[in-house]
*Asks:* 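Would you mind keeping the following structure in view while I ask a few things?
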Amino acid sequence: MNAHTVIVLDFETTGLSPDNGDRAIEIGAVKLVNGVITERFQELMDPGRPINYFIEDYTGITNQMLSSAAPCGEVMARFADFIQGHNLVAHNASFDKRFLDSELQRISADYDGDFACSLLLSRRLYQDAPNHKLGTLVNYKNIESNGSFHRALYDSEMTAKLWLVMLNDIEQQTSVSDVPFSLIQRLSKMPKKNIDTFLAKL
DNA sequence: TGCCAGGCCCTCTTTAGGGCCTT
């Protein structure tokens with residue numbers, strides 16, 4: 001596991017729950033190496049059945065676009081190779097992890113990274129933010145954006161930028177110069193009220 | 001046909017309920 005590399009990923013899906021039969025329709029991801037995006041991954045995938053109007057409207061991904069896409073299994077096999085050996089980051093990671101686990105299980109593939117969640121971290125670092133939706137946090141931290149949210153690659157890039165801002169803010173508050181992934185995971189589970197005290201001791 | 005999540009986190013809590021996030 002390369003400690004200085006993470007994959008920031010985002011799924012677009014047919015709905016909220018793979019346990020209810022929902023499938024992935026797009027995966028987007030960026031590879032962050034020492035704080036720089038070095039690779040991108042973006043593919044639509046055909047879930048094998050039509051998506052509803054809400055999803056077409058929400059994502060801008062249409063049934064016509066998916067009709068020419070490769071099946072989920074083909075895309076996810078390529079994605080499994082892309083993430084091999086790296087830790088993973090997503091905004092509300094529990095959501096993306098459920099779909100990653102579900103889609104990879106269907107093709108008997110696996111991955112070896114751990115997840116960290118930018119939503120859980122932001123709730124601790126930015127307790128005064130209006131809310132902790134990805135788009136709100138991007139505005140709150142003055143991250144440059146053209147507003148094209150709800151597509152997988154764009155959201156993964158914005159999550160990556162937010163991630164780097166959060167790492168930088170942690171470094172500014174502490175004497176830590178290269179924030180370990182394990183520290184992020186620990187911070188993300190800590191009671192919110194303890195965060196400032198904890199960071200002050202680092 | 002009709003149903004429709006799950007984890008986190010707060011509080012008027014723990015024998016529970018509801019808002020926040022993700023599509």
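Every heavy atom of this structure was used, including side-chain atoms; hydrogens, water molecules and symmetry mates were not. A, B, ... follow the sequence lines: proteins, then strands. Residue 1 opens every chain.
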*Asks:* Surrounding CD of A/Q105 (heavy atoms of other residues, nucleotides or ligands, distance under 6.0 Å), is the total greater than 12?
*Replies:*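 Counting neighbours around CD of A/Q105, 12 or fewer heavy atoms of other residues, nucleotides or ligands fall under 6.0 Å, so no.
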
*Asks:* Looking only at the side chains, is there a donor atom on one of A/N131 and A/T136 sitting less than 3.5 Å from an acceptor on the other?
*Replies:*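 A/N131 vs A/T136: donor-acceptor pair found between side chains.
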
*Asks:* For A/K193 and B/dC9, give me the distance from atom NZ to atom P, rounded to whole Å.
*Replies:* 12 Å

*Asks:* Write down the distance separating the P atoms in B/dC20 and B/dG2, rounded off to the nearest Å.
*Replies:*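 It works out to 30 Å between them.
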
*Asks:* My understanding is that only one of A/R78, A/R23, A/E12, A/M76 makes a side-chain contact (heavy atoms from CB on, under 4.5 Å) with A/M45; could you say which?
*Replies:*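 Answer to the side-chain contact (heavy atoms from CB on, under 4.5 Å) test with A/M45 among A/R78, A/R23, A/E12, A/M76: A/M76.
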
*Asks:* DNA chain B: A/L119 or A/K189, which has the more 5' nearest nucleotide?
*Replies:*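 Looking at DNA chain B, the more 5' nearest nucleotide goes with A/K189.
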
*Asks:* Say you pick atom P in B/dC4 and the same atom in B/dT22; how far apart are they, in whole Å?
*Replies:*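 Per the computed distance, 23 Å lies between those P atoms.
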
*Asks:* Counting any heavy atom closer than 4.0 Å, what does A/N20 reach on the DNA or RNA strands: base, sugar-phosphate only, or nothing?
*Replies:* base

*Asks:* With rounding to whole Å, what would you report as the distance between B/dT23 and B/dG6 at their C1' atoms?
*Replies:* 13 Å

*Asks:* Send over the distance from A/F115 CZ to B/dT22 P, rounded to a whole Å.
*Replies:* 16 Å

*Asks:* Side chain of A/K192 only, heavy atoms from C-beta on: which candidate in B/dC10, B/dG6, B/dT23 is closest?
*Replies:*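 Of all the options, the side chain of A/K192 is nearest to B/dC10.
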
*Asks:* For A/S17 and A/R124, take the nucleotide of DNA chain B holding the closest heavy atom to each; which residue's nucleotide lies nearer the 5' end?
*Replies:*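 This one resolves to A/S17.
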
*Asks:* Considering just the side-chain nitrogens and oxygens of A/H132, establish if one lies under 4.0 Å of OP1 or OP2 belonging to B/dC20.
*Replies:*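 No, no such contact exists.
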
*Asks:* When the P atoms of B/dC12 and B/dG18 are compared, how many Å lie between them, rounded to an integer?
*Replies:*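 15 Å, rounded to whole Å.
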
*Asks:* Within the 4.5 Å heavy-atom criterion, are A/Y126 and A/M166 side-chain neighbours or not?
*Replies:* yes

*Asks:* Can you check the A/R23 CZ to B/dA5 C1' distance for me, whole Å?
*Replies:* 17 Å

*Asks:* Looking at A/R40 and A/E157, does any basic side-chain N land under 4.0 Å from a carboxylate oxygen?
*Replies:* yes

*Asks:* Quick one: pull up CG in A/D96 and CD1 in A/I27 and give me the separation to the nearest 0.5 Å.
*Replies:* 7.0 Å

*Asks:* What's the gap between B/dT13 and B/dC8 when it is taken at their C1' atoms, as a whole Å value?
*Replies:*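 Comparing C1' positions in B/dT13 and B/dC8 gives a spacing of 15 Å.
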
*Asks:* Using the side-chain heavy atoms of A/S94, tell me which of these nucleotides is nearest: B/dC9, B/dG7, B/dC21.
*Replies:* B/dG7

*Asks:* I need the CZ-P distance between A/R98 and B/dC8, as an integer number of Å.
*Replies:* 10 Å

*Asks:* Go through B/dC10, B/dC21, B/dT23 for me and flag the one nearest to the A/F95 side chain.
*Replies:*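 Looking only at side-chain atoms, A/F95 lies closest to B/dT23.
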
*Asks:* Taking any heavy-atom pair under 4.0 Å as a contact, classify A/F54: base, sugar-phosphate, or nothing.
*Replies:*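 Base contact.
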
*Asks:* Touch check for A/D155, heavy atoms < 4.0 angstrom, all strands: base, sugar-phosphate only, or nothing?
*Replies:* sugar-phosphate

*Asks:* What is the distance from CG of A/N63 to C1' of B/dT23, rounded to the nearest Å?
*Replies:* 15 Å

*Asks:* Once you apply a heavy-atom cut-off of 4.0 Å, does A/N131 come out as touching a base, just sugar-phosphate, or nothing?
*Replies:*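 Sugar-phosphate only.
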
*Asks:* Could you give the CZ-to-C1' distance, from A/R49 to B/dT23, as a whole number of Å?
*Replies:*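 Roughly 12 Å, once rounded to whole Å.
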
*Asks:* What is the distance, to the nearest angstrom, from the CZ atom on A/F99 to the C1' atom on B/dA5?
*Replies:*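 Answer to the nearest Å: 9 Å.
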
*Asks:* If you look at every strand shown and take non-hydrogen atoms under 4.0 Å, does A/D96 touch a base, only sugar-phosphate, or nothing?
*Replies:* nothing

*Asks:* Roughly how many Å is it from CD1 in A/I55 to P in B/dC4, rounded to a whole number?
*Replies:* 17 Å

*Asks:* Need one value for A/L120: base, sugar-phosphate or nothing, where a base atom within 4.0 Å counts as base even if backbone is also close, heavy atoms only.
*Replies:*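 Contact class for A/L120: sugar-phosphate only.
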
*Asks:* If you check the A/N92 side chain, which of B/dC8, B/dT23, B/dG6 turns out closest?
*Replies:* B/dG6

